[in-house]
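Bear in mind the structure is a predicted one, so any value in this text is a computation, not a measurement. In what follows, chains carry the letters A, B, and so on, assigned in the order in which the sequence lines appear, proteins first and then strands, with residues in each chain numbered from 1.
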There are 2 protein chains.
Amino acid sequence: MAPPSKAASAAKDRDQDRRKTILRAAVEVFARKGYHGCRIADVAREANVAYGLVYHYFRNKEELLQLVFETGWGGFVARIREAAEGPAPLDAKVQRIFQVAFDGYRVDPRGVRVLVLEFARGPGTGEANRRSAFAEVMQLTRSMFERARLKGELRPDLEPSLCAAMLFGAVEMGLTSLVMGLLDGRDEAVLARAQAQLADSFLHGTLAREAPWKQDRSGSRLKTAKRS
Amino acid sequence: MAPPSKAASAAKDRDQDRRKTILRAAVEVFARKGYHGCRIADVAREANVAYGLVYHYFRNKEELLQLVFETGWGGFVARIREAAEGPAPLDAKVQRIFQVAFDGYRVDPRGVRVLVLEFARGPGTGEANRRSAFAEVMQLTRSMFERARLKGELRPDLEPSLCAAMLFGAVEMGLTSLVMGLLDGRDEAVLARAQAQLADSFLHGTLAREAPWKQDRSGSRLKTAKRS
DNA sequence: GTCCGGGTTGACTTTCGAATCAGCCACACC
DNA sequence: GGTGTGGCTGATTCGAAAGTCAACCCGGAC
């Protein structure tokens, strides 16, 4: 290969830009109408791009969804892993996981919408992929709880995998409430409160010792209570 | 109208049988391949019935899904309402809700699979219906928690709607773990344990007084603890 | 200025499955 | 046994959307 000329690399940049533009448009459209409810034409229009160009950059519609998924989910998994591993105490880790999830929503509600709604979908080509991606996070979290249980941080009578299920249940249904408009996701106060309360209740229900995290860790990350 | 002859009423019975057969087949097929992943032909074959007959009994594919949904969901809502209203203490109600959900799974895992997977999904005709059906249950549960809070059964610093979200988050993710095979749903012990633990942790995290329900109510419905 | 190449275009082809419909057949009633 | 009715059949129709492709355009190289 010749050393990449200025032109060539610039071209490559533009290439990547195009890809991203289309990918972003796909997120937008999937979020609005769902994977099955939209046509490639919609994606193309949203991206201000010719119909055919979508197929220049992506093999097919499924690949598009797959990539939207991998991009969003990949980042999420990385952050969750970061939160779940390491020496921090369990309550901090759980707080962090809620933080990660809700920040995801803050940054890109559209993207979260696609992940939440299009998630555990029926057997498209990608089912196996998505299922295992999901299983991966559950696994990750399960072993977080397992380690915590050994350290005596978790109630010893709780099954770690069920804790993981409960944790992500709370996360997912919280986000679903936002996505479905049962909670007002544009109101940061609502977001913060939801995040805090879910984490707090979860920890109350699962930690071994009674509320050690309540004796203030640096002021208070939890701003629950307050109203009547 | 003439009084229904024996023949006519028998015919009507067979009619209803057919409907049910097809509906059941639809549940089966939706559960296996998802709504979008299956064709009407699959439903017909599963029901051992001619393709066209499906359209004799149902207007179209969407109506089929809608009915599968309403049948399953309707029963569920009724039971949840029954559990959530009335004078019983909050902990018993919550226990009952978990009971209802897991019994649903025990009786008809296929049906639950469809509800769980096909739930809040993309904008078909029925989206509004399903969304409001979902909202209805959340509403129902929210007001259950509201009343409980007034009676001092719920931690006063918790937002009832978030409690509802958390409760159904736990239920849904628990069932998802079953549906996805992360837990072995054929093992009754696993089911019972999951049900008990989820309810227990949830109550630990949200009840006002510390574990009043642990001082045995009629022996113990909760068989948590026990192992290491 | 001309030529080359690949990104870009959108009309066209293909595929696929929902929905239709022109009968068929089984059974009840005469 | 004949006849009519209505549940039942499945090949056919039809539309919608995925995916293709040949021509076009524009930017850079010479």
What integer distance in Å separates [X]:[atom1] from [N]:[atom2]?
X     : N      : atom1 : atom2 : value
B/R39 : C/dG17 : CZ    : P     : 4 Å
A/K61 : C/dC16 : NZ    : P     : 15 Å
A/N48 : C/dG10 : CG    : C1'   : 15 Å
B/I40 : C/dC16 : CD1   : C1'   : 14 Å
B/Y55 : D/dG7  : OH    : P     : 19 Å
A/R19 : C/dT8  : CZ    : C1'   : 16 Å
B/L65 : C/dA18 : CG    : P     : 13 Å
B/L64 : C/dA19 : CG    : C1'   : 14 Å

(request) Identify, between A/Y51 and B/N60, the residue whose nearest nucleotide on DNA chain C lies closer to the 5' end. (result)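 Closest to the 5' end, via its nearest nucleotide, is A/Y51.
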(message) Within 45 degrees of the ring normal and closer than 6.0 Å to the centroid, is that where the cationic atom of B/K93 sits relative to B/F145?
(response)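 Not satisfied by the 6.0 Å and 45° rule.
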(message) Both conditions, 6.0 Å and 45 degrees, for the charged tip of B/R19 above the ring of B/F58: are they met here?
(response) yes
Is any side-chain nitrogen or oxygen of [X] closer than 4.0 Å to OP1 or OP2 of [N]?
X     : N      : result
B/R59 : C/dA18 : no
B/Y57 : D/dC8  : yes
A/H56 : C/dG7  : yes

(message) Assess, by modelled atom type and distance only, whether the side chains of A/Q195 and A/R106 contain a donor and an acceptor separated by less than 3.5 Å.
(response)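 The criterion, which ignores hydrogens and geometry beyond distance, is satisfied for A/R106 and A/Q195.
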(message) Nearest 0.5 angstrom please: A/S177 OG to B/R142 CZ, how far?
(response)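 Spacing of OG (A/S177) from CZ (B/R142) equals 12.0 Å.
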(message) Just to be sure I understand the rule, does A/L53 reach a base, reach only the sugar-phosphate, or reach nothing, if contact means heavy atoms closer than 4.0 Å?
(response)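 Touches a base.
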(request) Remember a base hit wins even if backbone is also touched, and classify A/F58 as base, sugar-phosphate or nothing at under 4.0 Å, heavy atoms. (result)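 Nothing, no heavy atom under 4.0 Å.
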(message) Salt bridge check, B/K20 against B/D17: does any charged N sit closer than 4.0 Å to a carboxylate O?
(response)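 Judged by the 4.0 Å cut-off on N to carboxylate O distance, B/D17 and B/K20 do not form a salt bridge.
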